[in-house]
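Right, one structure below, let's go through it.
Computation of the quantities below employed the complete heavy-atom set of this structure, encompassing side-chain atoms and omitting hydrogens, waters and symmetry-equivalent molecules.
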Amino acid sequence: MLSKSQISFVNALHVKKNRKDLSLFLVEGVKSISEFLNSAFIVESIYCSSATLIKFSKLSPTVKFYEITDAELKKISTLSTPQDAVAIIRIPVKTPLRPESFKDRFTIILDGIQDPGNMGTIIRTADWFGFSEIICSEDTVEVYNPKVVQASMGSLSRVAVHYTDLSQLVSNSGIPVYGTLLAGESIYETSFTDPGFIVLGNEGKGISDVVIPLISNRITIPRFGNAESLNVAISAAIVCSEIKRRGI
């Protein structure tokens, strides 16, 4: 049975400030937690029933287990309909970004993405297409937001997400910058011969004014119908697919 202090501690991680201060975040569901257990992330504790615990194929003896009831699970879960387990995972220490390390490959850059669902879906999409890193502007939604983690479906365990000043990183990189804009060359006609950064902008405002001047290759996904806009996560999938389709 969980104490009030234990419940309060887990619930504190629902809040961004506490996640940052404690360097911890929550993952929910056996499948997603299993992905982190099989990664470089450190899983500190798991809250679930004994019946659920046996579903984890790889469980380090260093992971603390707390047997809880369905009622207790509801008290600590971030979901309106809780899944079968909640885990506390340590946020890894990030090393400073080196622009030269991104040469000779394509890397997704997210400029001001705000919707957690979009963010999580982009991480999952990047994982599907084999993109191992994503760089974000400092005003992009927090990657350890529970809704982002949930939408990533465990892919966050394999895709490293960085936050930095984009204008500083891009301007000092010497790397080609492909930006998704309404006015640009069709993605289906873009050569993509030189690997570089792929910039996707905010859901409503697009790429920020400080980053647009740094774009060397403006690309667009041509519209064939009458929709006013294309969801940024869908745009990310199309761009990733087109690059990989060419065997790059």
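- For the pair Lys244 and Phe131, the distance from NZ or CZ to the six-membered ring centre is under 6.0 Å and the angle to the ring normal is within 45 degrees.
- Glu142 has no carboxylate O lying under 4.0 Å from a charged side-chain N of Lys20, or vice versa, which leaves the two without a salt bridge.
- Residues His14 and Val10 approach most closely at CD2-O, 3.6 Å, considering heavy atoms.
- Across Arg246 and Ser191, no two heavy atoms sit closer than the pair NH1-O, 3.4 Å.
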Would you mind writing out the side-chain donor-acceptor pairs for residues 164-171 within the sub-3.5 Å range, not counting sequence neighbours?
| from | atom 1 | to | atom 2 | distance (Å) |
| --- | --- | --- | --- | --- |
| Asp165 | OD1 | Ser167 | N | 3.1 |
| Asp165 | OD1 | Ser167 | OG | 2.7 |
| Asp165 | OD1 | Gln168 | N | 3.2 |
| Ser171 | OG | Ser167 | O | 2.6 |
| Ser171 | OG | Gln168 | O | 3.3 |

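- Summarising the geometry, atom CG belonging to Asn18 is positioned 10.0 Å from atom CG belonging to Leu24; distances are rounded to the nearest 0.5 Å.
- Side-chain contact between Asp84 and Lys55: present, with at least one pair of heavy atoms (C-beta onward) separated by less than 4.5 Å.
- Remark: Asp70 does not engage Lys74 in a salt bridge, criterion side-chain N to carboxylate O under 4.0 Å.
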Given side chain to side chain donor-acceptor pair (under 3.5 Å), test Thr78 with Glu28 step by step and report yes or no.
-> CA-CA 8 Å; Thr78 64; Glu28 303 193 43; 2.6 Å; yes

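- Summarising the geometry, atom NZ belonging to Lys103 is positioned 12.0 Å from atom CG belonging to Asp194; distances are rounded to the nearest 0.5 Å.
- Side-chain contact between Cys136 and Met119: present, with at least one pair of heavy atoms (C-beta onward) separated by less than 4.5 Å.
- Pairs of residues two or more places apart, or lying in two chains, that qualify as side-chain hydrogen bond (donor to acceptor under 3.5 Å, both in side chains) and include a residue from residues 113-132 are Asn118-Glu203, Asn118-Asn231, Asp127-Ser155, Asp127-Arg158.
- Using a 4.5 Å heavy-atom threshold, the side chains of Ser235 and Leu200 count as touching.
- Using a 4.5 Å cut-off on side-chain heavy atoms (C-beta onward), Leu156 and Val27 make no contact.
- Looking only at side-chain heavy atoms (C-beta outward), Ile122 and Ile134 come within less than 4.5 Å of each other.
- You'll find the side chain of Asn217 stays beyond 4.5 Å of the side chain of Thr190, heavy atoms only.
- By the 30° and 60° cut-offs, the orientation of the rings of Phe192 relative to Tyr178 is tilted.
- To the nearest 0.5 Å, atoms CD (Gln6) and CD (Glu72) are separated by 8.5 Å.
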Side-chain polar contacts of residues 86-96 - donor-acceptor pairs under 3.5 angstrom, sequence neighbours left out - could you list them?
| from | atom 1 | to | atom 2 | distance (Å) |
| --- | --- | --- | --- | --- |
| Arg90 | NE | Glu44 | OE2 | 2.8 |
| Arg90 | NH2 | Glu44 | OE2 | 3.1 |
| Lys94 | NZ | Val161 | O | 3.4 |

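- Screening residues 56-80 for ring-ring contact (aromatic ring centres under 6.0 Å, His included), with sequence neighbours left out, gives Tyr47-Tyr66.
- Between the side chain of Ser241 and the backbone N or O of Ile238, no donor-acceptor pair lies under 3.5 Å.
- A distance of 6.0 Å separates CD1 in Ile113 from OG1 in Thr140, rounded to the nearest 0.5 Å.
- Salt bridge Glu242/Arg245: present, at least one basic N to carboxylate O contact under 4.0 Å.
- Sequence neighbours left out, the pairs with a member in residues 204-213 that pass side-chain hydrogen bond (donor to acceptor under 3.5 Å, both in side chains) are Asp111-Ser208.
- For the pair Ile243/Ile198, a side-chain contact is recorded, criterion being any heavy-atom separation below 4.5 Å from C-beta on.
- Closest heavy-atom contact between Ser39 and Ser157: CB-O, 3.6 Å.
- Atom CD1 in Ile109 sits 11.5 Å away from atom CD in Glu133 (nearest 0.5 Å).
- The aromatic rings of Phe41 and Phe25 lie perpendicular to each other, with more than 60° between the two planes, well past the 30° mark.
- Side-chain contact between Tyr188 and Pro222: present, with at least one pair of heavy atoms (C-beta onward) separated by less than 4.5 Å.
- To the nearest 0.5 Å, atom CD1 of residue Ile187 and atom OG1 of residue Thr180 are 8.5 Å apart.
- Among residues two or more places apart in sequence or in another chain, the side-chain contact (heavy atoms from CB on, under 4.5 Å) test is passed with Thr220 by none.
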